[in-house]
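Remember, it's 1-based here, ligands and their atoms both numbered in the order they're listed. Computed from a predicted model, the values in this text were never measured in an experiment. Along the sequence shown, the residues carry numbers beginning at 1.
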Amino acid sequence: MTHDQPLKIAIQKSGRLSDDSRQLLRECGISVQNGKHALIARAHNFPLEVLYLRDDDIPQYVADGTADVGIVGQNVVAEAACKVEELRPLGFGSCRLSLAVPKAVAYDGLTWFEGRKIATSYPRLLKRFLQAHDIDAEVHTISGSVEIAPNIGLADAIADLVSSGTTLFSNGLKEVEVIMYSEATLVANPYLSKGKQALLDKLLFRIDAVQRAARSKYVVLNAPNDRIEAISRILPGMKSPTVVPLAEAGWSALHSVINEDEFWEVIDELKAVGAQGILVVPIEKMIR
Ligand code: PRT
Ligand code: ZN
């Protein structure tokens, strides 16, 4: 099939999501000329055009079709309330939008915010949260350095993104409520042409293979032949494990794939039933 129009993807030009977004494309086998100052670049081995934008602009550009898809924080998508489809959480850029108050406050629950002034760059999400909890507070919208607002007397509290918590701590604040958890997500325009949808499906196929691989490990181990059955029962694998005889009579090597979440548990069980020389190897791509 030939595609006249490349798929246009918007990613953050420079910021916390930039490196991981570029890396994801790379892991999908898409190489983009990395002109640091370019605003637009064409991939040379996939019909893809990359638009480098400020993260806040990405939902709108995708919604209006300037870009077909984009990589942006769920927090930004939720705040923008644009008509885009969220296709995949991408597993990076994790953070939370939280309410924080000065350390000295004896915080005793959400009613503390009643009648208070809260500074934030996320007025929509904050207002929705307050409304859902029936709290009447004043929302003061500022675009940057929200964390200094309480110190300069601009607000009683803040709602801002937190990851490690260091910024709150060094500004004498403490996190008291989580409004939303967020990570980077792939968003798409809901009205893509057939040709673009086909390209997007191809990209999604690759993203899924990369993500599955990131969650899985390839395991190779040795075992006496009379243990193969017990070990096979423990190994979840894609199918049954591959069994290869070793040069030493009565022994075999088993190959399989295990999920990162159950990794340590499975390894312990394997050792318990007689597995030896267990090798664990990262997987680059995993196609179902
Ligand atoms: O220039 P542009 O507008 O594109 O970038 P930006 O400055 O608006 O965004 P950027 O690069 O800071 O963040 C992009 C996205 O990264 C956000 O929308 C989130 O989805 C995600 N993300 C993940 C974070 C954080 N973690 C994060 N910790 N975004 C911001 N922060 C800030 C937070 O605002 C606070 O100032 O980091 C500080 C807190 O960090 P800790 O580790 O001290 O808690
Ligand atoms: Zn921004």
Legend entry - Over 12 foreign heavy atoms within 6.0 Å of CZ, F46: yes
Inset, instruction - Check each heavy atom of V76 against ligand 1 and say whether those closer than 4.0 Å belong to the side chain, the backbone, both or neither. - result: side chain
Legend entry - Atoms in ligand 1 flagged as close to G165, the criterion being non-hydrogen separation under 4.0 Å: 41 (P), 42 (O), 44 (O)
Inset, instruction - Classify the side-chain pair D201/Q197 by whether it contains a donor and acceptor separated by less than 3.5 Å. - result: yes
Legend entry - Distance-only donor-acceptor check, side chains S252 and N225, under 3.5 Å: yes
Legend entry - Taking atom 28 (N) of ligand 1 as the reference point, the nearest protein heavy atom with its distance: S163 OG, 2.8 Å
Inset, instruction - Note the single closest protein heavy atom to atom 26 (N) of ligand 1, along with its residue, its atom name and the distance in Å. - result: C95 CB, 3.4 Å
Legend entry - Distance filter under 4.0 Å to T166 heavy atoms, resulting ligand 1 atoms: 43 (O), 44 (O)
Inset, instruction - Output yes when K8 and D68 qualify as a salt bridge under the 4.0 Å nitrogen-oxygen rule, no when they do not. - result: no
Inset, instruction - Tell me which one of E183, Q12, Q74, R54 gets a heavy atom nearest to atom 5 (O) of ligand 1. - result: Q12
Inset, instruction - Starting from the Zn ion (ligand 2), look over the N/O/S atoms of D55 and name the nearest one. - result: OD1
Inset, instruction - Report yes or no: does E175 contribute a side-chain atom to a donor-acceptor pair with the main-chain N or O of A100 at less than 3.5 Å? - result: no
Inset, instruction - Inspect the contact between R116 and E138 and indicate whether a charged nitrogen and a carboxylate oxygen are less than 4.0 angstrom apart. - result: no
Legend entry - For G73, atoms of ligand 1 separated by under 4.0 Å from a heavy atom: 20 (O)
Legend entry - Exceeds 12 heavy-atom contacts within 6.0 angstrom, atom CG of D226: yes
Legend entry - Check: N171 side chain, L173 main-chain N or O, donor-acceptor pair, under 3.5 Å: no
Legend entry - Which atom of D56 approaches the Zn ion (ligand 2) most closely (N/O/S): OD1
Inset, instruction - Flag the pair L24 / L90 as yes when at least one side-chain heavy-atom distance between them is below 4.5 Å, and no otherwise. - result: yes
Inset, instruction - State whether the shortest distance between N or O atoms of S164 and N or O atoms of ligand 1 falls below 3.5 angstrom. - result: yes
Legend entry - Where ligand 1 meets G15 - atom numbers and elements under 4.0 angstrom, heavy-atom basis: 11 (O)
Inset, instruction - Distance to 0.1 Å, residue and atom name: give those for the protein heavy atom nearest to atom 24 (C) of ligand 1. - result: R16 CD, 3.3 Å
Legend entry - Contacting atoms of ligand 1, where contact means under 4.0 angstrom from a heavy atom of S94: 23 (C), 26 (N)
Inset, instruction - For atom 20 (O) of ligand 1, grab the closest protein heavy atom and report residue, atom and distance to one decimal in Å. - result: N75 OD1, 2.6 Å
Inset, instruction - May I ask you to check whether Y122 and F129 place their ring centres under 6.0 Å from each other? - result: no
Legend entry - Closest protein heavy atom (residue, atom, distance) for atom 35 (C) of ligand 1: L161 O, 3.6 Å
Legend entry - Residues Q74 and Y181: side-chain donor-acceptor under 3.5 angstrom: no
Legend entry - Side chain proximity check, L235 to L270, heavy atoms < 4.5 angstrom: yes
Inset, instruction - Please state whether S18 comes within less than 4.0 angstrom of ligand 1, counting heavy atoms only. - result: no
Inset, instruction - Would you mind running through ligand 1 and noting each atom that sits below 4.0 Å from a heavy atom of V162? - result: 44 (O)
Inset, instruction - Classify the contact between D160 and ligand 1 as side chain, backbone, both or neither, using a heavy-atom distance cut-off of under 4.0 Å. - result: side chain
Legend entry - Per-atom contacts of ligand 1 with G93, taking only distances under 4.0 Å to non-hydrogen atoms: 21 (C), 23 (C)
Inset, instruction - Name the closest protein heavy atom to atom 39 (C) of ligand 1, giving the residue it belongs to and the distance to 0.1 Å. - result: T167 OG1, 3.4 Å
Inset, instruction - Mind checking whether L17 contacts ligand 1 via backbone (N, CA, C, O), side chain (CB onward), both or neither, at a 4.0 Å heavy-atom cut-off? - result: side chain
Inset, instruction - Please check if the side chain of T141 supplies one atom and the backbone of P123 the other of a donor-acceptor pair under 3.5 Å. - result: no
Inset, instruction - Please report which non-hydrogen protein atom sits nearest to atom 8 (O) of ligand 1, along with the residue it belongs to and the distance in Å to one decimal place. - result: D55 OD1, 3.3 Å
